[in-house]
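What follows is one structure encoded as structure tokens, with my remarks underneath.
Labels below follow one simple rule: chain letters A, B, ... track the order of the sequence lines, proteins then strands, and each chain is numbered from 1.
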There are 4 protein chains.
Amino acid sequence: MSSARPSVMSSTATTDVEMTEADRPSRLAAGQDPAKRQQILEGANRVFSQMGFDAASMNDITREAGVSKGTIYVYFDSKEELFLELCNHFREILFADIYHALESDGDLREALIEFGVALAGVITSDVVVRAQRVVIGVAERMPSMSRDFYERGPKRGQALMRALIDRHVAAGRLDIEDTELATYQLADLFMSGMFKKRLFGCMEQPPSKELIRKTVTAGVDVFLKAYQR
Amino acid sequence: MSSARPSVMSSTATTDVEMTEADRPSRLAAGQDPAKRQQILEGANRVFSQMGFDAASMNDITREAGVSKGTIYVYFDSKEELFLELCNHFREILFADIYHALESDGDLREALIEFGVALAGVITSDVVVRAQRVVIGVAERMPSMSRDFYERGPKRGQALMRALIDRHVAAGRLDIEDTELATYQLADLFMSGMFKKRLFGCMEQPPSKELIRKTVTAGVDVFLKAYQR
Amino acid sequence: MSSARPSVMSSTATTDVEMTEADRPSRLAAGQDPAKRQQILEGANRVFSQMGFDAASMNDITREAGVSKGTIYVYFDSKEELFLELCNHFREILFADIYHALESDGDLREALIEFGVALAGVITSDVVVRAQRVVIGVAERMPSMSRDFYERGPKRGQALMRALIDRHVAAGRLDIEDTELATYQLADLFMSGMFKKRLFGCMEQPPSKELIRKTVTAGVDVFLKAYQR
Amino acid sequence: MSSARPSVMSSTATTDVEMTEADRPSRLAAGQDPAKRQQILEGANRVFSQMGFDAASMNDITREAGVSKGTIYVYFDSKEELFLELCNHFREILFADIYHALESDGDLREALIEFGVALAGVITSDVVVRAQRVVIGVAERMPSMSRDFYERGPKRGQALMRALIDRHVAAGRLDIEDTELATYQLADLFMSGMFKKRLFGCMEQPPSKELIRKTVTAGVDVFLKAYQR
DNA sequence: AATGAATGAGCTTTCATTCAT
DNA sequence: GATGAATGAAAGCTCATTCAT
């Protein structure tokens, strides 16, 4: 039913899956077929996103992924492990799209805006919002899981941004005492009025490109007015 | 075991509960005794906060609240409704402590800082963080619940802030085109580096008064540098 | 279907169960109603006896006992514990019927025969044979369970017998060097040709009173010819 | 891990298995290769002995036997049939070692002791104890299996013994009315205090040669004192 | 009106068996 | 002919909800 729903894997999964029959080994070892693994993860993603960790049942995932229960348990030891593996995928996606946006060495304002647009786009996307919800929802019972999610995800992005800001401080273009705090401020300014609304379901669709760019630009301008020398 | 844990209701609940026997009507209609209702909500709050919606069992709540299962079902139709009612309580608390902080008419910077400190303190408190986690965790399955939570909670705070800012814009002390966006920016600047960390469990203790004041002050200063005429 | 099958409890259970309604407390604490406990044990006994430990399913027991699954788990923590409790019952039965047979102080031959008849009757009974089969069947995986069963059951009987024999040795009526071994010999002689046949299912019905008495008498005579002074 | 464990087949199996490649037909019909059949039975024996019938999984047997699941199902229709075939093997072993011990024509006492030592040694051995446990454990559900096991095993030994005793009765050296019962008595006296202990796991190691000889000797002496003319 | 014992659907996970390769 | 990945029924157990007391 929810197969039309955007999935974390949808962008990358197909390349593997659509390899021609001839290319594929005729028989793969148990738990070794990446296409099947992908298929399970996609189903699991849809179900977890929709129901949360606890309310998602392995039967739901079975149905949604189109594989048998036994097969899931060959690829993943438990429901929890399946979910953890799913989170790792989220992170890959989250970063792949953002990395290169930080490499621009041109105008500071432009660079920040480009990066902000990329970051805000990812973090407010359906996929990532759902992932964050699930992880936040289990934070009380499985603190290490959500901590990991944050530390390997948002925190790493934060570190990249901070390095960029530090470079501009060193170059004398920015006047900031506490660059850590300033980085957090910038990150929040990127998504002002969007992040929480998305998380709480008050903004049902991901924000449009225009809204994102407008918000990010306004945020960057606040940031620069405050900190630019 | 978790009875020492801070509860949303703890501050207000007891007044009702401790009314002397003599004051109370000798027998109340089923589901009509507000003290018992309160008692159930307190227990439910402790359990939901600790376990999340799904992992919390009605037996846990029974034990924690000290009432029988049947009684809970007289006061609340289902686990889900009990949780919804609980959320309404969160909102009351969330606002009671913040309202008056906005009434100060003195210096703009001072007013914003005082309000920010109050707001950030509440939103990063254990109780409210847990509540937000639970609500976010079920946002996919029960969208109206989390939407309500946000709209009657954060959004209302937002509206109050915006009114204050609008007044200062009108008075010519601030130069802002889009006051809605600016308000979101200010709200996010209040809690930069704290909100997400708390939500994801990366900051285990609520931030200290000092950290809150420092963060809020820095945020207000960024805001004012950007928008003060 | 197997409700007509003799059950360990059948002899004793009914007294409790058939107490008049008036005698019974109107409501018993969870897991505290002895009649219900009995009912579960009876059902479990029938199922375990027929299927063995592993092949018996909790659903089967549920059906056979006429209680719900939840109820069983209120009375017993797990399938294994249910089975262990069942074994304790077997032991009670096993001993209750045998104790007094050892108290006779009259003629040695008569005393031994009476005791042997009681012991052989119990050990070759349907109930006890089934219990032994189940316990032996899990001896490899749950060694402590079967060891316990033997030590608190047969071994204790052995000890009682040995005390009797020791008394007669001390009185000069028997001439035995190794009374431990002699006791084992006597115990085996009581059931020669019956015990193994019953255990392996080669003797489908419990031996008749006559066969038991004949076998025991022959065994006691062999024993006395060998050891009587 | 259990490959060092003594196996019923270990003594006989290898001859078939180690036939050189050259000797073997290059391709056997499905389910027709006796070496492979042997290999499966060996693995199954190790697994069944250790786990009992129910807890043993076909995957365990697959691993232990080093053949694929499909292959097992070519040679044996089901887990149950595999187990039945295994039991037939036990019987062969049980007898091979005992036969010749009965052929001695010399002194009666010596002959009985030699036979008793051989019989008790086999029956209390790890392998045979485990086999008996498994068979007894399923006796209720598969009565014919355990009956067969007993009738073709212990019972046949019983018949051989009885023939020997009958000869001595005929020769006037023994004075026995019921030689069938006497034979059972002798068989039990051979293993007094050892058989049950082994079966219930109370004697963890097989009894030493010395203990066996001592027990058998004591048993034979009781038997002869009772029945020798 | 309040209780909590009882219910049974539904959970995660295992494993005998099949069949495409 | 042999393989082992895939299947799905069924296992032990939990818990939201009901209802006799």
Side-chain angles (χ1 to χ4, degrees), chain A residues 24-33 36 54-62 66-80 82, chain B residues 26-33 36 54-63 67-80 82, chain C residues 24-33 36 54-62 66-80 82, chain D residues 26-33 36 54-63 67-80 82:
Chain A
R24 279 174 64 186
S26 53
R27 194 52 126 59
L28 286 158
Q32 296 307 308
D33 184 342
K36 186 143 279 178
D54 294 287
S57 88
M58 291 303 267
N59 261 337
D60 295 335
I61 296 172
T62 275
V67 295
S68 79
K69 220 148 359 151
T71 302
I72 294 186
Y73 278 90
V74 167
Y75 283 78
F76 304 93
D77 281 348
S78 65
K79 189 186 179 184
E80 190 166 331
L82 171 57
Chain B
S26 55
R27 196 65 125 80
L28 287 158
Q32 295 307 310
D33 183 344
K36 188 143 278 177
D54 294 287
S57 86
M58 291 302 268
N59 261 336
D60 295 335
I61 295 171
T62 275
R63 199 180 315 113
V67 296
S68 79
K69 216 114 54 112
T71 302
I72 294 185
Y73 278 89
V74 167
Y75 283 78
F76 304 93
D77 282 348
S78 65
K79 188 186 178 184
E80 191 166 325
L82 170 56
Chain C
R24 280 173 65 187
S26 54
R27 195 53 125 61
L28 286 157
Q32 295 307 309
D33 184 342
K36 187 143 279 176
D54 293 286
S57 88
M58 290 305 266
N59 264 334
D60 295 335
I61 295 172
T62 274
V67 295
S68 78
K69 227 176 314 180
T71 302
I72 293 186
Y73 278 90
V74 166
Y75 283 78
F76 304 93
D77 282 347
S78 66
K79 187 185 180 185
E80 193 169 320
L82 171 56
Chain D
S26 54
R27 196 64 124 81
L28 287 157
Q32 295 307 309
D33 183 344
K36 187 144 277 178
D54 295 285
S57 87
M58 291 304 267
N59 261 335
D60 295 336
I61 295 172
T62 275
R63 198 181 316 113
V67 296
S68 79
K69 218 115 55 112
T71 303
I72 293 185
Y73 277 89
V74 167
Y75 283 79
F76 304 93
D77 282 348
S78 66
K79 188 184 177 185
E80 192 167 325
L82 170 56

Starting at [atom1] of [X] and ending at [atom2] of [N], how long is that distance when rounded to a whole Å?
X: D33(C); N: dT21(F); atom1: CG; atom2: P; result: 12 Å
X: F76(C); N: dT14(F); atom1: CZ; atom2: C1'; result: 18 Å
X: I61(C); N: dA10(F); atom1: CD1; atom2: P; result: 17 Å
X: R63(D); N: dG4(F); atom1: CZ; atom2: P; result: 13 Å
X: M58(A); N: dT14(E); atom1: CE; atom2: P; result: 10 Å
X: N59(D); N: dT17(E); atom1: CG; atom2: P; result: 12 Å
X: I72(A); N: dC15(E); atom1: CD1; atom2: P; result: 18 Å
X: Y75(D); N: dA16(E); atom1: OH; atom2: C1'; result: 20 Å

Mind checking whether [X] and [Y] have side chains closer than 4.5 Å, heavy atoms only?
X: K69(D); Y: I72(D); result: no
X: M58(A); Y: I61(A); result: yes
X: D33(B); Y: Y75(B); result: yes

key: Base-pairing assignment for dA9(F) (Watson-Crick or G-U wobble, both under 3.5 Å)   = dT14(E)

dT21(F): pairing nucleotide in any strand, Watson-Crick or G-U under 3.5 angstrom = dA2(E)

key: Residue Y73(D), side-chain atoms from C-beta onward, closest of dC15(E), dT17(E), dT7(E)   = dT17(E)

message = Please pick, from dC15(E), dT13(E), dG8(F), the nucleotide with the shortest atom-to-atom distance to any side-chain atom of K79(A).
response = dT13(E)

task = Report yes if at least one side-chain N or O of T71(C) is closer than 4.0 Å to OP1 or OP2 of dT7(E); otherwise report no.
result = yes

query = Is K36(C) near enough to dA6(E) that one of its side-chain N or O atoms lies under 4.0 angstrom from OP1 or OP2?
reply = yes

ask   = What is the nucleic acid contact for S78(B), judged by heavy atoms within less than 4.0 Å: base, sugar-phosphate only, or nothing?
value = sugar-phosphate

ask   = At under 4.0 Å between heavy atoms, what does A56(D) touch on the DNA or RNA strands: base, sugar-phosphate, or nothing?
value = sugar-phosphate

inquiry  = Given the structure, check if the side chain of K69(D) and the base of dT17(E) hold any donor-acceptor pair shorter than 3.5 Å.
reply    = yes

remark   = Heavy-atom nearest nucleotide on DNA chain F taken for V67(A) and for D77(B); more 5' hit belongs to V67(A)

request  = Identify, between D54(A) and G66(C), the residue whose nearest nucleotide on DNA chain E lies closer to the 5' end.
outcome  = G66(C)

5'-most by nearest nucleotide on DNA chain E - D60(A) or G70(C) = G70(C)

request  = Considering non-hydrogen atoms only, spot the tightest contact between A55(A) and D60(A) and give its length.
outcome  = O-OD2, 4.1 Å

note = d(E80(B) CD, D77(B) CG) to nearest 0.5 Å is 11.0 Å

